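One structure is given here, and the rest of the page talks about it.
Computed from heavy atoms alone, side chains included, the values below leave out hydrogens, waters and symmetry copies. Nothing here was measured: the structure is a model prediction, and the numbers come from that model. Each chain gets a letter, A, B and so on, in the order the sequences are listed, and its residues count up from 1.
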Amino acid sequence: MERDKTPRAYDPAALEARWQERWEADGLYRPEPDPARPKHYALTMLPYPSGDLHIGHWYAISPSDARARYMRMQGYNVLFPMGFDAFGLPAENAAIKRNIHPKEWTYANIDRMRGQLRRMGTMIDWRHEAVSCDPEYYRWTQWFFLQLFAGGLAYRKRAAVDWCPSCNTTLAREQVIGDERVCERCETPVIRKELSQWFFRTTQYAEELLDFSGLDWPERVRTLQERWIGRSEGARVIFRTEQRRTEQGDPLEIFTTRPDTLWGATFMVLAPEHPLVSKLTTDDRRAEVEAYVEKAVHQTDIQREAADKEKSGVFTGGYAINPVNGERIPVWIADYVLMSYGTGAIMAVPAHDQRDFEFARKYGLEIRPVIVSEGQELPVPEAMDKALSHEGAMVNSGPLTGTPADQVYEKVVDYLEKNGLGRREVGYRLRDWLISRQRYWGAPIPIVFCPQCGPVAVPEDDLPVLLPDDIEWRPTGESPLKLHPTWRKTTCPACGGEAERETDTMDTFMCSSWYHLRYLSPQYDQGPFDPSEYRAWMPVDTYTGGVEHATMHLIYTRFFHKACRDLGIVQGDEPMLQLRNQGIILGEDSEKMSKSRGNVVAPDALVDRYGTDTVRAYLMFFARWDQGGPWNSKGIEGTSRWLRRVWNLYMEPAEGTGGDTTKLRRKLHQTLHRVTADFAALQFNTIIAALMELLNEMLQARPQLAGTPAWDEAKDLYVRMLAPIAPHLADELWHELGHRDSIHLQSWPEVDEEAAQNEEITLVVQVNGKLRDRVSVPVGLGEDQLREAALATEGAQRFTEGLAIRKVVVVPGRLVNIVAG
RNA sequence: GCGAAAGUGGCGGAACCGGUAUACGCGCUAGACUUAGGAUCUAGUCCCGAGGAAUCGGGUUGGGGGUUCGAGUCCCCCCUUUCGCACCA
């Protein structure tokens, strides 16, 4: 038939290059702030310029682009920018390994990746590109640091910090991964070091960070953040220590979530690093205590873990007084108590806490139950689970003995507060953000250390504090900033005397906490962003990216936004309203992609072979986007076939014999309905499936309906629906239909609800819940008519024969279930 | 150990509010066109049984129980997998 006329063949390579050039020349994707239209800021997490755009980048970016394009067709003024998170260790590692300057390496990679990104056929507006290692970018990263510093949110503190011996730098707590406590980047086990470092007060925002109201974020990310922040309600209680030499010793504060069990505290435990340890230790215990402290402090955490989690500790010889009953209880130290949580000290209630219980058993300390379940004598150690509950009544608890356990908490805390022995307190697992890095390739912390004035902020006018280019790499892996002969030497901005620069740089998560703001006006030099652009675009409406950032970037950027809000720099409580995560693409062997496994999918090769549009479409189709899954190199053939069939449908001349167009129009508008809903919900795989179905329907209808107005309508709408997915092909087909302007300037079509309506429905006839027949009936029949129609079917007759009909359930528009027996 | 999510054909996956399970695609089978095809087109393809066939009957959403006229979907128990956290007082 028409096939023999061999229409122009689909040649994605030529067609895609042509359209990309034309879009660029026409400035098709350059939104300007427009108060007349609703805005939509579509943001996708920016890549690190590692060298090549890999399939994971494509998976994150191209469906996000399709969604942004859809929003644009829906009438939104859409900003979809891109940039590079360009500071970081890989550049330094490359420098050491290949003797190439990090700057050179980074910018070469960015150039390469920009080219690869352009092949993707996105609507990225490159006028908004921002690169975090540009001096004009990190000038403002430093500026933000100074604002936080001035606002009291950045501070320097000497503390035990996590140190990666391979990367030669400190890490934020979030960057230490898993049971083995390894570096998130190189997987080297992390060690502890005592250092003076810069921190941001993220903990000050712990409570607010738990509030997700108004945010459309995945449950999963919210849960991860909630757990990471780790709120727990309890009380701070002041014990008194009893020291050998002084009668009244120092106060010893503890945090507990179970003040109701205060009468069950039979000993105290301090973290080995606790400041009171030395004072409390008696002479006869000193040698042993010091040995234990020495071991605990200098041990790496991994070694601590390796001790099979069996508790260990030593008695200090000191005692403390329980404020509620005046009892004198021994003070121990043990490494299961962490200096970094609460006050670094606990009251141990072995009868009602698993950890204290294990410790008490090992060292033969008293276990005294204070809550007993009804009907139970006293909890035996084997029944700890029961004993740990709040249920039951108090025993051994002085004036509260006999009180139902669930009433005690409030009574105890009231009592403590009234008598100055403690107060309600909320504890958080979240720590302040350690931002110092002992590395070269990062934004220098704009601080000068003056022997007279202490740490002094570099004046804003002197920003950026530039990285020196003439650097030297030593095999020790130490920061070249520290080794530079002159860079650190400067004068104090306050007194003018000789002073030294901070040689640490900032965690790159600092750079990425505000990139969405720099995108708005990357050339702006009066501030980090142009306020009028801020008003036009912020907040981010849809943010897409990997879930691996749930407890790092996504907490930091929220903190950063809230801190800046309180400093008067930005408005609103949250930077990103809607968040969606894509899954991970595995290799064909269902394993994580890696060069060593040889299962890496190279997008460039796929684009060469199938074209960008096919790769984009397949990425949307092959799995649920939020789940990802193993790659299938055969599967992409199906998507490729689909687009070729679409192409042929438009290119092959066809003349129909005429016929009823109702069915085609119904399918068309039902498809439009589905596709619209699925784009809104970022459910890409079902969009493609729906379009494939519609194509099949159109191909079937073609011999009759080609040339009818309904046929032309279908062709028109099909291109519009295809436009966000396969933008090049769609524009080509659009022009083939005789249009002169771009499909990407067209609007998203409206569903013709009437056309989408079914005239007839297939009524399902069940007998006792089993499918027995189907009958086609006009839509809108009443229950009685449906019942009759169903009862009249052959299947209903046959399966109810000889049975009494007890009940008939009619579900209008769907089915009739005949209950017979 | 704690927490979260998920278990549907050979595979990736569909299924609105509890209402025709397996859409769409891959793969596979048969056929057509071809010198050829890893191109294209057509038909078929959850499992079991009966029949030459159209068709007919039974079963099926990890396993077991429950609610309901009706359960992939809701409830309870169990199993498995993946991810996250890991002495947080």
Side-chain angles (χ1 to χ4, degrees), chain A residues 1 3-4 177-179 181 218-224 226-228 230-232 234 254-258 261 269 271 304-305 309-311 334-338 340-349 352-356 358-359 427-431 547-548 550-551 583-584 590 618 621-624 626-639 641-642 644-645 648 673-674 677 683 685-696 699 761-774 798 806-821:
Chain A
M1 303 203 296
R3 271 203 308 287
D4 299 327
I177 306 296
D179 207 0
R181 295 187 46 80
E219 184 71 41
R220 179 147 175 245
V221 173
R222 295 200 331 234
T223 310
L224 283 170
E226 276 163 14
R227 285 182 67 85
W228 190 263
R231 181 184 200 276
S232 45
I254 58 105
F255 175 71
T256 178
T257 54
R258 295 293 305 273
T261 63
V269 188
R304 278 202 199 182
E305 296 285 333
K309 283 182 186 168
E310 184 171 332
K311 307 261 178 296
D335 63 8
Y336 81 90
V337 174
L338 310 174
S340 50
Y341 185 79
T343 63
I346 62 159
M347 66 170 194
V349 185
H352 301 283
D353 182 279
Q354 190 67 41
R355 295 154 301 184
D356 299 343
E358 285 168 24
F359 195 79
Y428 298 94
R429 209 182 79 107
L430 186 74
R431 304 294 145 77
V547 74
E548 68 273 16
T551 54
I584 294 172
S590 296
Y618 184 58
F621 180 60
F622 89 101
R624 270 175 58 170
D626 57 349
Q627 279 191 186
W631 184 256
N632 179 348
S633 55
K634 286 266 174 56
I636 192 171
E637 296 282 353
T639 313
R641 213 167 285 154
W642 167 55
R644 275 205 304 276
R645 276 158 32 105
N648 290 336
H673 186 92
R674 283 172 64 187
Q683 274 155 25
N685 56 340
T686 44
I687 294 173
I688 311 278
L691 288 174
M692 285 174 169
E693 275 186 56
L694 177 58
L695 177 70
N696 292 342
L699 285 170
I761 54 148
T762 303
L763 184 70
V764 169
V765 182
Q766 295 182 340
V767 177
N768 292 330
K770 278 190 179 156
L771 175 71
R772 292 308 184 190
D773 215 330
R774 286 174 243 253
R798 193 146 63 92
R806 296 211 181 116
K807 186 175 172 185
V808 179
V809 181
V810 180
V811 184
R814 287 211 181 265
L815 60 70
V816 174
N817 188 16
I818 302 160
V819 186

Seminar exercise, completed: When rounded to whole Å, the CE to C1' distance for the pair A/Met692 and B/A23 reads 12 Å
Seminar exercise, completed: Quick note, A/Arg798 side chain, CB onward, closest among B/G57, B/G13, B/A86 is B/G57
Exercise. Across the strands shown, which category fits A/Arg429 at heavy-atom distances under 4.0 angstrom: base, sugar-phosphate, nothing?
Worked result: base
Problem set entry | Any donor-acceptor N/O pair, A/Asn685 side chain to A/Phe622 backbone, under 3.5 Å | no
For this session: Hunt down the Watson-Crick or G-U wobble partner of B/C87, both distances under 3.5 Å, from any strand shown, or write none.
Result: none
Exercise. Which whole number of Å gives the distance between the C1' atom of B/C24 and that of B/A15?
Worked result: 12 Å
For this session: Specify the separation, in whole Å, of atom NZ of A/Lys770 and atom C1' of B/G59.
Result: 9 Å
For this session: Output the distance between atom NE2 (A/His352) and atom OG1 (A/Thr261), rounded to the nearest 0.5 Å.
Result: 6.5 Å
Problem set entry | Interatomic distance at P, B/C11 relative to B/C78, whole Å | 28 Å
Seminar exercise, completed: B/G52 -> Watson-Crick or G-U wobble partner, both distances under 3.5 Å, gives none
Exercise. Among the nucleotides B/C85, B/C24, B/G27, which one has an atom lying closest to any side-chain atom of A/Trp228?
Worked result: B/C85
Exercise. Between B/C24 and A/Arg674, is there an OP1 or OP2 to side-chain N/O distance shorter than 4.0 Å?
Worked result: no
Please produce a list of atom pairs where a protein N or O lies less than 3.5 Å from an N or O of nucleotides 67-72 of chain B.
from: B/C69; atom 1: O2'; to: A/Asn817; atom 2: ND2; distance (Å): 3.1
from: B/C69; atom 1: O2; to: A/Asn817; atom 2: ND2; distance (Å): 2.6

For this session: Side chain of A/Arg644 only, please: which of B/U40, B/G57, B/G12 is the nearest?
Result: B/U40
For this session: Establish, with yes or no, whether the OP1 or OP2 oxygen of B/G84 is under 4.0 angstrom from a side-chain nitrogen or oxygen of A/Thr223.
Result: no
Exercise. The side chain of A/Gln627 lies closest to which of these nucleotides: B/A89, B/G13, B/A14?
Worked result: B/G13
Exercise. Using the C1' atom in both, what is the distance from B/U67 to B/G18, to the nearest Å?
Worked result: 11 Å
Exercise. Using a cut-off of less than 4.0 Å, is there contact between a side-chain N or O of A/Asn696 and OP1 or OP2 of B/G25?
Worked result: yes
Exercise. Heavy-atom distance under 4.5 Å between the side chains of A/Arg798 and A/Val767, does that happen here?
Worked result: no
For this session: Check whether any side-chain nitrogen or oxygen of A/Arg641 sits under 4.0 Å from OP1 or OP2 of B/U40, and answer yes or no.
Result: yes
Exercise. Side chain of A/Arg814, base of B/C16: donor and acceptor closer than 3.5 Å?
Worked result: yes
Exercise. Are side-chain heavy atoms of A/Arg645 and A/Leu699 found at a separation under 4.5 Å?
Worked result: yes
Exercise. What interatomic distance, in whole Å, is found between P of B/U40 and the corresponding atom of B/C56?
Worked result: 35 Å
Problem set entry | Closest listed nucleotide, where the reference is the side chain of A/Thr257 and the choices are B/G12, B/A15, B/A89 | B/A89
For this session: Assign B/G9 to syn or anti; the rule is syn for a glycosidic angle within 90° of 0 and anti otherwise.
Result: syn
Exercise. Counting only distance, no hydrogens or angles, is the base of B/C87 paired donor-acceptor with the side chain of A/Lys311 under 3.5 Å?
Worked result: yes
For this session: Return the value, rounded to whole Å, for the distance between atom CD1 of A/Ile687 and atom P of B/A14.
Result: 13 Å
Exercise. What's the closest nucleotide to the A/Lys634 side chain, out of B/C26, B/G84, B/C24?
Worked result: B/C26
Exercise. Rounded to whole angstroms, how far apart are CZ on A/Arg227 and C1' on B/G1?
Worked result: 11 Å
Exercise. What do the steps show when you test A/Lys634 against A/Glu637 for salt bridge (charged side-chain N to carboxylate O under 4.0 Å, His left out), and what is the final call?
Worked result: CA-CA 6 Å; A/Lys634 286 266 174 56; A/Glu637 296 282 353; over 6 Å; no
For this session: State, without any angle test, whether A/Tyr336 and A/Asp356 hold a side-chain donor-acceptor pair at a distance under 3.5 Å.
Result: yes
Exercise. Starting at CZ of A/Arg222 and ending at C1' of B/G3, how long is that distance when rounded to a whole Å?
Worked result: 15 Å
For this session: For A/Arg806, report the nucleic acid contact type (base, sugar-phosphate, nothing); a contact means any heavy atom under 4.0 Å.
Result: nothing
Exercise. Considering every strand shown, what is the Watson-Crick or G-U wobble mate of B/A21 when both distances are under 3.5 Å?
Worked result: none
Exercise. What integer number of Å spans the P atoms of B/U42 and B/C26?
Worked result: 12 Å
For this session: First locate atom CG of A/Leu430, then atom CZ of A/Arg227, and finally report the distance between them rounded to the nearest 0.5 Å.
Result: 14.5 Å
For this session: Please determine which of A/Asp773, A/Val811, A/Leu815 meets the side chain to side chain contact (heavy atoms under 4.5 Å, CB included) test together with A/Gln766.
Result: A/Leu815
For this session: Between A/Arg220 and A/Gly342, name the one whose nearest nucleotide on RNA chain B is closer to the 5' end.
Result: A/Arg220
Exercise. Distance between the P atoms of B/C74 and B/U81, in whole angstroms?
Worked result: 23 Å
Problem set entry | Residue matched to B/C33 through Watson-Crick or wobble contacts both under 3.5 angstrom | none
Exercise. Looking across every strand, which nucleic acid part, if any, lies under 4.0 Å from A/Phe621 by heavy atom: base, sugar-phosphate, or nothing?
Worked result: base
Exercise. Would a line drawn from the ring center of A/Trp642 to the ring center of A/Tyr618 be shorter than 6.0 Å?
Worked result: no
Exercise. If you look at every strand shown and take non-hydrogen atoms under 4.0 Å, does A/Gly813 touch a base, only sugar-phosphate, or nothing?
Worked result: nothing
Problem set entry | Whole-Å gap separating P (B/A23) and CG (A/Leu695) | 18 Å
Seminar exercise, completed: For B/U61, the nucleotide meeting Watson-Crick or G-U wobble distances (both under 3.5 Å) is none
For this session: Classify the nucleic acid contact of A/Phe622 as base, sugar-phosphate or nothing, counting any heavy atom under 4.0 Å across all strands shown.
Result: sugar-phosphate
Exercise. Across the strands shown, which category fits A/Arg431 at heavy-atom distances under 4.0 angstrom: base, sugar-phosphate, nothing?
Worked result: base
Seminar exercise, completed: pair_partner(B/A71), Watson-Crick or wobble, both distances < 3.5 Å, evaluates to none
Exercise. Can you tell me how far P in B/U73 sits from the matching atom in B/G7, rounded to whole Å?
Worked result: 11 Å
Exercise. Going from OG1 on A/Thr686 to CE on A/Met692, what distance comes out if it is rounded to the nearest 0.5 angstrom?
Worked result: 12.0 Å
Problem set entry | Atom pair CD/CZ of A/Glu226 and A/Arg231 - distance to nearest 0.5 Å | 11.0 Å
Exercise. How many Å lie between CH2 on A/Trp642 and P on B/C41, as a whole number?
Worked result: 15 Å
Exercise. When rounded to the nearest Å, what value does the distance between C1' atoms of B/G70 and B/C46 take?
Worked result: 22 Å
Problem set entry | B/A5: pairing nucleotide in any strand, Watson-Crick or G-U under 3.5 angstrom | B/U81
Exercise. When you match A/Arg772 and A/Ile636 each to their closest nucleotide on RNA chain B, which lands nearer the 5' end?
Worked result: A/Ile636
For this session: Indicate syn or anti for B/C17, taking the glycosidic torsion and treating anything within 90° of 0 as syn.
Result: syn
For this session: Would you mind classifying the nucleic acid contact of A/Ser232 as base, sugar-phosphate or nothing, using non-hydrogen atoms under 4.0 angstrom?
Result: sugar-phosphate
Seminar exercise, completed: Rounded to whole Å, CD1 of A/Ile584 lies from C1' of B/A5 at a distance of 14 Å
Problem set entry | Rounded distance [0.5 Å steps], NZ in A/Lys807 versus CG in A/Asn768 | 11.5 Å
